[in-house]
Amino acid sequence: MSVVVRFAPSPTGFLHIGGARTALFNWLFAMHCKGKFLLRIEDTDRERSTDAAIKAIFESLKWLELNWNEEPVFQFARASCHAEVAHNLVKEGKAYYCYCSPDELEKMRKDALEKGLPPRYNGLWRDRPVSEAPKGIPPVIRFKAPTKGKTVINDITQGIVELSNSQLDDMVLLRADGTPTYMLSVVVDDHDMNITHIIRGDDHLTNAFRQYHLYKACGWDVPQFAHIPLIHGPDGAKLSKRHGALGAEQYRAMGFLPDAMKNYLLRLGWAHGNDEIISIEQAIEWFDISSVGRSPARFDMAKLTNLNAHYMRISSNERLLKEIKPLLKEKVKDDVLLENGLKQILQGMDGLKIRAKTLVELAENSFFYIKKPNFDAKNGLLSKPISSSKVEGAYEAQNRSVLDIHEGHLRESQISPKPHEDSSIEATNKFAEEIELRKIKSIENHVKNGEQSIQNLKNFLQLVESLSSFQNIESEIRAYCKNAGMKVGDFLYPVRIAIVGCSASPNLFEIMGIIGKIETMDRVQNYKNFLELI
RNA sequence: GUUCCCAUCGUCUAGCGGUCUAGGACAUCGCCCUUUCAAGGCGGCAACACGGGUUCAAUUCCCGUUGGGAACGCCA
C-alpha cells in the first residue's frame, strides 16, 4: 500500500514555525516513501477561519517548496458528509443525543475538579431515554466511548502508548447547530482521503485515543500515527509570539532562505549522525519519522541565522541578486540608478555575501553600490541615532533596516544585532544600549581624528590624481604607506567611510575597482568637504 | 486536580550495556590570517537532573523523586 500523508492546518492564523516543521516532516516522509502529500484546510471553525490565513498558508508552503499533490481539501465543504456519519452512528447505537446546556457542563467540570477528578462530561444522557429530553433544546450528538479496558496505540515516534478507557469521555460529534466537530471531521476526512500515516504535533496524542474508537465504530482501518513533539521557545515554555512563533512569511521577510529554514527545522528533533548541513535530496533519502526524538526542542534563532549565512554563501550570485532586488527597489525610485547599482552589486557579490547573514542584511550592505553616502553637514553625523526604546525585541531588531533609520547617513559598523540565545526584553535593551555606546564612541573618534582624516583624504586624492593607471591603486597605496611609515589600515580608514559610508565593508580595492576612479574621487571629495565643515 | 509524554554541554543533538577521561554543530572565549568587517584555520570553556535497583559492567535497562511539557471544549 502506498503512503498517503496530509498536512491539515486550521486557517486561523499564519503558518507558524511548528506548523512548518510538521508540514516538512510530512512532506519528507511522503517523498522518502514515494507517496503522496496532501493538503487539507480545517476551516470548520467559521468564526476564526479567514481567507487571508488560507492564502498565507499556501504562500508559506510554496515559499518552503513543500508542494502538495492534488487539490487542497476544504473541510467545511464536506460538513454534510461528516454529519451523515454522526447520524448513522446514532442509528447504530454507537452515539446518542445529549441535551446538556453549556451551564450544566461547566458545573459538571467544576464539580469534577473539586473532587479531584478530570474535568470531563459524565455521560449524563448516555443511557437516558429520549422521552426525558427537555423541549425546545437542540441536542448535540455524543460518541459512546468505551468505559472499560484500555486503548493501546503503537505510535511510530512515541512508541507504544496506553491509556485506560476510563480516561475517555463521550466527545461531541455533532454540535447543536448540526455542524460537525473537529474530532468527527478529521476522522472522516482522513478515511475518505485514504490517509495511511497521520504525522502531527504531540498535542494531538490524547486525541488519537478518542479517534481510534471512532475509526473502529465506523468499521474503518486506523491509520498509523506519528506524534512529533512541539517546538518550544528559548525559555522552554510554549512558543509564543515574543520569541519565534512568527509566521513563515515573517522569516522570509527577515531575509531567510527556504533552504536554511528547512535544514534548521529538520535538525530540530531529528539527526543523522553528526551531519549538520543536509541538502534536501539527502534529507529525503535519510529521513524517517521513527527516529524523530520524543523530547521537545527549543527554537534557536542563532542557529537558524548561522545556517542561513551558510546557505547564502553557497548560493549563486545571480540568485542572491534576484532575492535582494525587490528590497533595494523599495528604497530606490530611480530605475537607471538601480540597474547600474545592481550590475555593480553582482560584480561585488562574492565579497558581499560572505559578510551577510540574511538577505535583508545583504541588501543593506550592498546599498553603497547604488547610492553615495550622504554626508549632511547641517544635520551632522548620525543625527538620528537608534533609540533603545525602538528596539523592543531581538526579532524586531533583526528586522530593523538600517536604511530605514538613517538612509545615507554614516553607519558605524554594520549594525546587525546578533540574535541572542536570551531574547528577553532585558537582554535586548542591554544590547540596544551597547549599540548606542558604540555609535557615540565612533563619533568621538571622528572628532578626535578629524585632522588626521582630512590629511589622509587629501593625500589619497593627490595620489590617485597622480596615478597613470587606476588599476595599480593597490600597489601604489601600499608603496605610499610603506614610505610614509603608515599602516595601510589607518590610512584607508577615512577612505572607507567616504566610499561606503561605514567603517566595515568588503575589500576596498575591489570596491574602488568596481565603482571606478571618478566615483571614488567624488566620494572621497565629498567626505573631505564634510569633515572640513564640522 | 487527573492522564499522557519528556530529561546528555547555554541551545540542537550523537550515543542504542563495556569503544565515554561522552563526539559534532550553534553560541561563547582566545590565537592565527588581515586595509575594516566578515569568512576561513587552530585551540579553550562547557553536559549524562537526583536516588534506588538489575548486571561482572550503566549515559545506555527497570522503579521512584524532582523538574519541564501536553491533553482534559458544542477550538482545531
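In the text below, chain A, chain B and the rest are named by the order of the sequence lines, each starting its count at 1.
- Comparing atom distances between the A:P119 side chain and each of B:A70, B:C72, B:C6 picks out B:C72 as nearest.
- Looking at the side chain of A:A504, the nearest of the listed nucleotides B:U35, B:U36, B:C74 is B:U36.
- Checked against B:A71, B:A14, B:C5, the side chain of A:D203 finds its nearest nucleotide in B:A71.
- If you check B:C5, B:U36, B:U2 against the side chain of A:Q167, the one that comes closest is B:U2.
- Comparing B:A76, B:C6, B:A38 by their nearest atom to the side chain of A:S295 picks out B:C6.
- Of the candidate nucleotides B:C6, B:G24, B:A39, B:G24 has the atom nearest to the side chain of A:K303.
- Here the options are A:R6, A:H204, A:H227, the test is side chain to side chain contact (heavy atoms under 4.5 Å, CB included), and the partner is A:I198; only A:R6 passes.
- Residue A:T206 has its side chain nearest to B:A71 when only B:A71, B:A38, B:U36 are considered.
- Counting distance only, with no hydrogens placed and no angle test, the side-chain atoms of A:N274 and the base atoms of B:U13 include no donor-acceptor pair under 3.5 Å.
- Interface remark: the A:R478 side chain does not form any donor-acceptor pair with the B:U35 base, using a distance-only criterion of under 3.5 Å.
- Pair check for B:G18 finds B:C56; Watson-Crick or G-U wobble, both atom distances under 3.5 Å.
- When Watson-Crick and G-U wobble pairs are counted only if both distances are under 3.5 Å, B:U36 pairs with no nucleotide at all.
- Set against B:A25, B:U13, B:A38, the side chain of A:E276 has B:A25 as its closest nucleotide.
- Among B:A76, B:U35, B:C4, the nucleotide with an atom closest to any side-chain atom of A:D45 is B:A76.
- Within 3.5 Å, no donor on the side chain of A:R267 pairs with an acceptor on the base of B:U13, nor the reverse.
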